[in-house]
Amino acid sequence: MGSAMQKAADAVKEAIIHNEDAPKKASSNVAEEGVIKMGSTIFDKTKEAVARISSGLYVVTAADKDSRSAMVASWVAQASFEPLGLSIAVAKDRAIEYLMQDGDNFVLNCLGEEDSSGTMRHFLKPFAADADRFEGVPTFNEPHCARLPVLSSAIAYMRCKVVSRLETPDHWLLYCEVEDGEVLRPEARTAVQRRKSGTEY
């Protein structure tokens with residue numbers, strides 16, 4: 001009899017404990033969902049804030065004795081006065097990246113705000129591995145480094161030398177010295193990139 005009563009008492013006690021825990025667990029789940037939603041909202045706002053960092057629009061051109069390549073770039077900023085230097089971020093999967101190692105030269109072509117769309121469309125489209133990215137695009141040779149193409153439509157250009165590279169999770173950040181440059185269209189202004197999200201170009 002005593003054993004049966006003890007079992008009954010234990011069953012009642014266990015039921016009480018489960019009933020007390022249920023609201024807590026439900027409350028905990030609601031709290032966790034709230035944190036997730038709040039975290040998502042904060043991240044969305046952060047992405048929008050980062051997108052307010054303005055940047056110009058450029059085409060980077062580079063070459064070696066066997067090949068040449070180009071890419072549209074927007075993550076470019078002046079990085080030093082003496083010597084004149086700039087930083088540029090290059091995604092790790094860019095075909096041009098192997099032409100931008102320490103000591104390599106490249107040309108930074110500034111695009112004009114009134115006529116940049118055609119040039120951007122050309123260089124943003126997919127290219128076959130062996131395709132000439134400059135086909136149909138007027139260029140001239142950089143005066144002091146003949147293998148480097150300069151876009152005839154650029155409003156200005158700079159010949160740069162890669163000095164150092166810093167690895168980030170998905171880009172290489174390059175510090176480069178500006179060795180030479182020229183303004184080709186003094187009246188034109190550099191095109192500006194405006195984004196909606198800091199997680200996209």
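When all heavy atoms are compared, the tightest approach of Cys145 to Arg159 is CB-CD, 3.9 Å. The two residues Phe134 and Ser69 come nearest to each other via the heavy atoms CZ-O, 3.4 Å. For the residue pair Ile88 and Cys176, the shortest heavy atom distance occurs at CG2-SG, 4.0 Å. Of all heavy-atom pairs spanning Gln193 and Gly56, the tightest one is CB-O, 4.3 Å. Nearest heavy-atom pair across Glu142 and His144 is OE1-N, 2.8 Å. The minimum heavy-atom distance linking Ala73 with Val60 is given by the pair CB-CG2, 3.9 Å.
Around the CD atom of Gln78, the shell of radius 6.0 Å holds more than 12 heavy atoms that belong to other residues, nucleotides or ligands.
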Glu97 vs Arg165, salt bridge (Lys or Arg N to Asp or Glu O under 4.0 Å): CA-CA, chis, key distance, verdict: CA-CA 11 Å; Glu97 189 269 331; Arg165 291 161 48 102; 2.5 Å; yes
Would you sort out whether Glu177 and Lys161 count as a salt bridge (Lys or Arg N to Asp or Glu O under 4.0 Å), showing the intermediate values? CA-CA 5 Å; Glu177 290 183 5; Lys161 181 179 180 179; over 6 Å; no
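With rounding to the nearest 0.5 angstrom, the CG atom of Leu99 is 12.0 Å from the CZ atom of Arg68. Residue Leu174 holds its CG atom at 9.0 Å from OG of Ser87, rounded to the nearest 0.5 Å. Here the NZ atom belonging to Lys47 is positioned 13.0 Å from the NZ atom belonging to Lys196, to the nearest 0.5 angstrom. The NZ atom of Lys92 lies 7.0 Å from the CG atom of Asp170; values are rounded to the nearest 0.5 Å. Separating the OG atom in Ser74 from the CZ atom in Arg194 is a distance of 13.0 Å, to the nearest 0.5 Å. With values rounded to the nearest 0.5 angstrom, Arg147 atom CZ is found 11.0 Å from Asp66 atom CG.
Linking ILVMFWY residues whenever their side-chain heavy atoms come closer than 4.5 Å, directly or via other members, leaves Val76 and Ile155 in distinct clusters. Trp172 and Val162 end up in the same hydrophobic cluster when Ile, Leu, Val, Met, Phe, Trp and Tyr side chains are linked at under 4.5 Å. The cluster map of Ile, Leu, Val, Met, Phe, Trp and Tyr, joined by side-chain heavy atoms under 4.5 Å apart, puts Val90 and Tyr175 in different clusters. Tracing side-chain contacts under 4.5 Å through hydrophobic residues (I, L, V, M, F, W, Y), one reaches Phe140 starting from Leu148; they form part of the same cluster. Met71 and Val150 fall into different hydrophobic clusters, where Ile, Leu, Val, Met, Phe, Trp and Tyr residues are linked whenever their side-chain heavy atoms come under 4.5 Å apart, directly or through other members.
Between Trp75 and Tyr201, the ring-plane angle classifies as tilted under the 30° and 60° cut-offs.
A donor-acceptor pair is defined here as one N or O able to donate and one able to accept, closer than 3.5 Å; no such pair exists between the side chain of Ser80 and the backbone of Glu82.
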Tell me which donor-acceptor pairs under 3.5 Å the side chains of residues 102-131 have, and how far apart each pair is, sequence neighbours excluded?
unit_1	atom_1	unit_2	atom_2	d
Asp104	OD2	Gln101	N	2.8
Asn105	ND2	Cys160	O	3.1
Asn105	ND2	Glu179	OE1	2.9
Asn109	OD1	Leu151	N	3.0
Asn109	ND2	Val59	O	2.9
Asn109	ND2	Thr61	OG1	3.3
Glu113	OE2	Arg189	NE	2.9
Glu113	OE2	Arg189	NH2	3.1
Asp115	OD2	Arg185	NH1	3.1
Asp115	OD2	Arg185	NH2	3.1
His122	NE2	Arg133	O	2.6

